[in-house]
Q: 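Dumping the structure here so I can ask a few things about it.
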Number of protein chains: 2
Amino acid sequence: MGRRSGILEFAVLGLLRESPMHGYELRKRLNTSLGVFRAFSYGSLYPCLKTLVQRGWLIEESGGEPDDSLTAPLTGRRARIVYRLTAEGKERFEELLSQTGPDTWEDEHFGVRFAFFGQTSRDVRMRVLEGRRSRLEERLARMRASLARTRERLDDYTLELQRHGMESVEREVRWLNELIESERAGRDQQRGETPPDPSDDTAT
Amino acid sequence: MGRRSGILEFAVLGLLRESPMHGYELRKRLNTSLGVFRAFSYGSLYPCLKTLVQRGWLIEESGGEPDDSLTAPLTGRRARIVYRLTAEGKERFEELLSQTGPDTWEDEHFGVRFAFFGQTSRDVRMRVLEGRRSRLEERLARMRASLARTRERLDDYTLELQRHGMESVEREVRWLNELIESERAGRDQQRGETPPDPSDDTAT
DNA sequence: GTTAGCATGTAAGGAGTTACATGATTTT
DNA sequence: AAAATCATGTAACTCCTTACATGCTAAC
């Protein structure tokens with residue numbers, strides 16, 4: 001009946017982890033912080049929020065005082081529903097973050113996963129980055145093989161398309177290499193806030 | 001009931017324009033020539049073929065002789081259904097090629113459209129390339145504006161993601177500029193076969 | 001004689017979108 | 001008083017995937 005999983009669930013949990021929000025605000029954030037890449041519609045957001053509440057990962061706060069800036073100007077406006085992440089919701093987000101899913105999940109939604117790296121342990125970051133890199137390298141190998149086989153039969157445009165595609169992938173691999181190296185280098189000198197131990201499970 | 005439109009229909013029409021094929025072969029081509037980018041499944045391909053036949057854009061040929069390499073080794077094998085593009089199908093493909101659709105169509109499936117540039121008039125090519133470029137430039141402007149507004153509130157990873165994203169888009173814009181210039185330059189000296197007049201509608 | 005590849009299909013489901021419906025509030 | 005923005009929601013639809021069903025042939 002409700003939405004099961006999907007990138008939207010992940011993004012909502014991730015954004016609500018930073019601070020509670022109502023739906024409208026959430027959608028705006030989805031289309032700026034993350035949403036340079038994709039725009040979600042209300043038609044998918046609100047149903048998604050409902051099922052997340054049903055599973056106990058979010059709780060609704062009709063007019064509590066989660067934050068002054070959110071509650072204060074509520075004078076006559078339609079009652080906004082502010083959503084807050086529960087402890088189970090945090091666990092679920094953690095699970096999704098570190099999940100080595102069925103390939104397409106990680107490949108298509110890498111951008112969104114990366115956007116939440118600030119909330120991730122270095123172990124997970126390394127795993128995601130290296131996973132992405134190895135899948136791109138696989139793809140590169142397939143492209144090269146296919147190109148070697150069919151080079152003669154292809155017209156100029158198709159060839160140019162494949163050339164540009166391969167260059168883009170190669171470029172991303174180099175980018176990933178830099179990121180991975182910088183993660184490795186930062187193993188000693190911390191960059192920002194490094195979570196000291198992932199075994200800390202006490203809820204706030 | 002059947003598939004309405006979508007990129008699959010477009011790709012099938014485009015591939016069958018080159019030469020008749022049966023479903024299995026079509027799927028392989030979809031995953032090499034075009035399909036470096038995406039892989040379609042039989043579960044979408046065969047139903048799509050059926051509705052295209054229903055609309056008169058394809059005709060089925062059980063065991064005709066469209067090509068030696070296709071008919072010859074059919075000794076005992078399951079009877080393959082070879083699909084051939086009709087005159088109406090060609091018109092439909094032409095229509096889809098030159099269509100200035102509802103934005104997302106052109107944006108998400110640019111790669112597949114580009115793959116069929118060899119079968120397109122230069123007018124259409126220019127229109128598609130310039131359309132793509134202007135949409136990317138719009139997006140770039142939005143990204144820059146959003147970045148200027150929220151730079152302080154973003155962590156290092158989100159910032160790095162946006163930086164890399166913008167660089168990729170800028171790179172594609174430069175690529176498009178080169179292509180557009182080369183199209184303009186080739187206005188006199190022809191490159192390969194230039195279709196002289198698109199009003200030629202006689203079927204083969 | 002079992003696996004791998006060829007070849008075609010159906011049913012159910014997933015993850016979203018578009019279009020619509022509603023209504024209050026601030027801006028022009 | 002009209003238009004834009006805030007705010008929440010539903011129904012129908014789209015386009016594609018997964019899992020399944022079927023059966024034949026070639027290679028190991």
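Residue numbers start from 1 in every chain, and the chains themselves are labelled A, B, ... in the order their sequence lines are given, proteins ahead of strands.
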Q: Are B/E25 and B/R80 ion-paired here, with the side-chain N under 4.0 Å from a carboxylate O?
A: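 Judged by the 4.0 Å cut-off on N to carboxylate O distance, B/E25 and B/R80 do not form a salt bridge.
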Q: Any salt bridge linking A/E167 with A/R163? Criterion: basic side-chain nitrogen under 4.0 Å from a carboxylate oxygen.
A: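 Looking at A/E167 and A/R163, the cut-off is met.
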Q: With A/Y24, which residues qualify under ring-ring contact (aromatic ring centres under 6.0 Å, His included), at least two apart?
A: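 Partners of A/Y24 under the ring-ring contact (aromatic ring centres under 6.0 Å, His included) test: A/Y42.
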Q: Rounded to the nearest angstrom, tell me the gap between atom CG in A/L49 and atom C1' in C/dG16.
A: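 Distance check: A/L49 CG to C/dG16 C1' gives 15 Å.
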Q: Have a look at A/F10 and say if it touches a base, only the backbone sugar-phosphate, or nothing, with a 4.0 Å heavy-atom cut-off.
A: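 No contact at all - A/F10 keeps every heavy atom at 4.0 Å or more from the nucleic acid.
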Q: Roughly, in whole Å, what's the span from CD in B/E108 to P in C/dG16?
A: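 To the nearest whole Å, that distance equals 12 Å.
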Q: Could B/E172 and B/R132 be called an ion pair, given the rule that one side-chain N must be under 4.0 Å from one carboxylate O?
A: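 Yes, charged N to carboxylate O under 4.0 Å.
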Q: Within the pair A/K50 and D/dT10, is there a side-chain N or O less than 4.0 Å away from OP1 or OP2?
A: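 Yes.
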Q: Just how far, in rounded Å, is C1' of C/dT17 from CD1 of A/I7?
A: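 A/I7 atom CD1 is separated from C/dT17 atom C1' by 17 Å.
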Q: When you compare the side chain of A/Y83 with that of A/E60, does any pair of heavy atoms fall below 4.5 Å?
A: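 Contact flag for A/E60/A/Y83 side chains = yes.
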Q: What is the bend of the helix from C/dG1-D/dC28 to C/dT28-D/dA1 when you compare the axis at one end with the axis at the other, using five pairs each and rounding to 10°?
A: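 The value is 30°.
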Q: Counting heavy atoms from C-beta on, name the nucleotide in C/dG16, D/dT8, C/dT8 closest to the side chain of A/F40.
A: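 Among C/dG16, D/dT8, C/dT8, the one nearest the side chain of A/F40 is C/dG16.
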Q: Can you identify which nucleotide, out of D/dG9, C/dT17, D/dT8, has its nearest atom closest to the A/S44 side chain?
A: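 Closest nucleotide among those given: C/dT17.
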Q: What integer distance in Å separates A/E60:CD from D/dG9:C1'?
A: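 It works out to 12 Å between those atoms.
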Q: How close or far is atom P of C/dA7 from atom OH of B/Y46, stated in whole angstroms?
A: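 Value for this atom pair: 8 Å.
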Q: I'd like to know if A/E170 pairs up with A/R144 as an ion pair, taking the criterion as any Lys NZ or Arg NE/NH1/NH2 lying under 4.0 Å from an Asp or Glu carboxylate oxygen.
A: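 Looking at A/E170 and A/R144, the cut-off is met.
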Q: Given D/dC16, D/dT8, C/dG9, which nucleotide is nearest the side-chain atoms of A/Y24?
A: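 For A/Y24, the side-chain atoms sit closest to D/dT8.
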Q: Counting side-chain heavy atoms from C-beta on, which of D/dG9, C/dT18, C/dT8 comes nearest to A/S41?
A: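 The nucleotide sitting nearest to the side chain is C/dT18.
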Q: What is the distance from CD1 of B/I81 to C1' of C/dC6, rounded to the nearest Å?
A: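 Between C1' of C/dC6 and CD1 of B/I81: 14 Å.
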Q: State plainly whether the residues B/R92 and B/E9 are in salt-bridge range, i.e. N to O under 4.0 Å.
A: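 Judged by the 4.0 Å cut-off on N to carboxylate O distance, B/R92 and B/E9 do form a salt bridge.
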Q: Please determine, for the side chain of A/R80, which listed nucleotide (D/dA7, C/dC6, C/dT17) has the closest atom?
A: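 Among the listed nucleotides, the one closest to the side chain of A/R80 is D/dA7.
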Q: Between C1' on D/dC16 and CG on B/L30, what's the gap in Å once rounded to a whole number?
A: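 These atoms are roughly 13 Å apart.
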Q: Relative to the 5' end of DNA chain C, which residue comes earlier, A/L45 or B/Y42, by the nucleotide with the nearest heavy atom?
A: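 With A/L45 and B/Y42 compared, the 5'-side residue is B/Y42.
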Q: When you measure from the side chain of A/Y83, which nucleotide among D/dG9, D/dA7, C/dG16 comes out closest?
A: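 Nearest to the side chain of A/Y83 among the choices is D/dG9.
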Q: Provide, to the nearest angstrom, the distance between the CG atom belonging to B/L26 and the P atom belonging to C/dC6.
A: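 So the two atoms are 15 Å apart, to the nearest Å.
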